[in-house]
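Order of listing sets the numbers, starting from 1, for every ligand and every atom in it.
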Amino acid sequence: MPFRSGFVCILGRPNAGKSTLLNALVGEKLAIISPKPQTTRNRIQGVVHVPKRKGKGGGQIVLVDTPGVHKPDSSLGRKMMVEVREALEGCDLVLVIMDVTRKFDPRDQFALDLLRRPKTKAFLILNKVDLIREKSKLLPLIEQYRKLYNFAEVVPISALKRNGLDTLLDMVIATLPAGPAYFAEDQITDQPARFMAAEIIREQLLLNTSEEIPYATTVMVDNFEEGARLTRIAATIYCERDGQKGILVGKGGQMLKKIGTSARLQIERMLETKVFLELYVKAEPGWRDSRRFVEELDWRRQLEHRMLEHGTPQLRTSQDRAPEPLAREGRAEKSGAPTVGIAGDVRNPTED
Ligand code: GDP
Ligand code: MG
C-alpha cells in the first residue's frame, strides 16, 4: 500500500461550509512552510495526516486555498482568473462543496466553470446533510449536479456534525498519487491565534448583520499582544462604503459594541485568558478591487515574508506581534475617514 499525498483545494460559495470543513479536517494544525514553489499561488491552509489503517495505506493531504475563486463578483476575481485557473491545475483534487439546503445559483456555476477548463479532478461534497430529514431528497440533487460536471465522487457530509468525514478522507487519499509527505510533523504548528481572532470577529459580523454587509467586509488584526493575564487585541473591520460603516457601527455604536462583546467572549474562550479587544471600522472604497490591499490583509503572506527575513517561525511568542501592517497606516489616513472604535469591557486594564 503506497503512501499517497497531494494538494487539495476546497471550492464553494460563501456559507457552503468551507471553513467548517477545513477546521474539522485540520483542527488546530496549520502548515507554515511551503516546500513547493508553486504554492505561492496555492496558499496552504492546513495539512491532514491520515495514518495507515487496516487494509488502507496512509497519506498526507495538503489543503490549499486559491486566491480569488470565492469572489467572482469583484474585479479582484476577474483579474486573477488566469491565476486561479493555473492554481487549480496545480491541485491534485478539488473538493466542490455545496450547501444542500440552498438552490443552485450562478455562483455555483462559476465554480464549475472554473473546473471545466483545466479538467480538474473533482469531488462533489454535499454539505449540511444533517439539515435534510429525508435523505432520499438528496438523490435528485445528486443527479442534477452529476449532469453539470463529471465528478469523480459524490460525498454527502455534515462538516458541522463531522459526519461522513472519514469516508471523505479515505476517498481523497485513494485518489491522490503515490508520493512523499510534503510536511514533517514539526513543520506543522498551531494556527496563529491572531488569525483565529480575526475569523471570530468576522463570524460575529456575519451573525449580526444582513447578507450584503459581510461580503463587503474583511477583518485585520492590527495588534496582538499576549500578556501574562491579559491579551490585547486591536482589529479593524474594513468595509467599502460609509453607509456600510454606519450599519456596522450602529446607532450610538451599539452594533459595533455587540459584535465586539460577543467576539471578545469567544476569543477569551479560545485563548483561555482575559482579552481586551479594540475594534475599529474603516470604509476603504474598493478594497476588494485592490489586489495589493487584499494581499496585505493576508496574514499568511505576512508570516511568510517574516519567516523569510527571520528564519525560524516563532509563533505564539511575544515576538509574534510583528506582521507589520505594511502600508496600512498611510492609506487609512488618506481615506480621511475618522476611525470609529470601541473597546471591549476589560476587568484588568493595568495588566501587561
Ligand atoms: P464558508 O463561508 O464556506 O467558509 O462557510 P462556513 O464554514 O463559515 O459555514 C457557514 C455556516 O454554515 C456556519 O454557520 C456553519 O456553522 C454552517 N455549517 C457548516 N457546515 C454545516 C453542516 O454540516 N451542517 C449545518 N447544519 N451547518 C453547517
Ligand atoms: Mg469561510
Open item on the list: Val172 and side chain to side chain contact (heavy atoms under 4.5 Å, CB included): which single residue from Val50, Thr167, Leu93 fits?
Closed with: Leu93

Task: Contact atoms of ligand 1, heavy-atom distance to Arg13 under 4.0 Å - done: 3 (O)

- [ ] Indicate yes or no: does Glu143 engage Arg146 in a salt bridge with an N to O separation below 4.0 Å.
- [x] no

- [ ] Look at atom 26 (N) of ligand 1 and find which of Asp130, Val100, Leu207 reaches it with the closest heavy atom.
- [x] Asp130

TODO: Determine, for Lys121 against Asp92, whether the closest basic-nitrogen to carboxylate-oxygen distance falls under 4.0 angstrom.
DONE: no

Open item on the list: Between Leu277 and Val275, is there a side-chain heavy-atom distance shorter than 4.5 Å?
Closed with: yes

Open item on the list: Looking at ligand 1, would Ala16 count as a contact under a 4.0 Å heavy-atom criterion?
Closed with: yes

Task: Under 4.0 Å to a heavy atom of Ser158 - the qualifying atoms of ligand 1, by number - done: 22 (C), 23 (O), 24 (N)

- [ ] Could you tell me whether the side chains of Asn223 and Glu225 share a donor-acceptor contact shorter than 3.5 Å?
- [x] yes

Task: N/O separation below 3.5 Å, Ile157 to ligand 1 - done: no

Task: More than 12 heavy atoms from other groups under 6.0 Å of NZ on Lys135 - done: yes

Task: Proximity to ligand 1 by part of Asn127, non-hydrogen separation under 4.0 Å - done: side chain

TODO: Going by heavy-atom distance to atom 22 (C) of ligand 1, choose the closest among Thr20, Leu160, Val129.
DONE: Leu160

Task: Exercise: identify the closest heavy-atom pair between Cys91 and Val64 - done: SG-CG2, 3.8 Å

- [ ] Please indicate whether any nitrogen or oxygen in Leu21 is less than 3.5 Å from any nitrogen or oxygen in ligand 1.
- [x] no

Open item on the list: Residue-level breakdown please: for Leu131 versus ligand 1, do any non-hydrogen atoms fall below 4.0 Å on the side chain, on the backbone, on both, or on neither?
Closed with: side chain

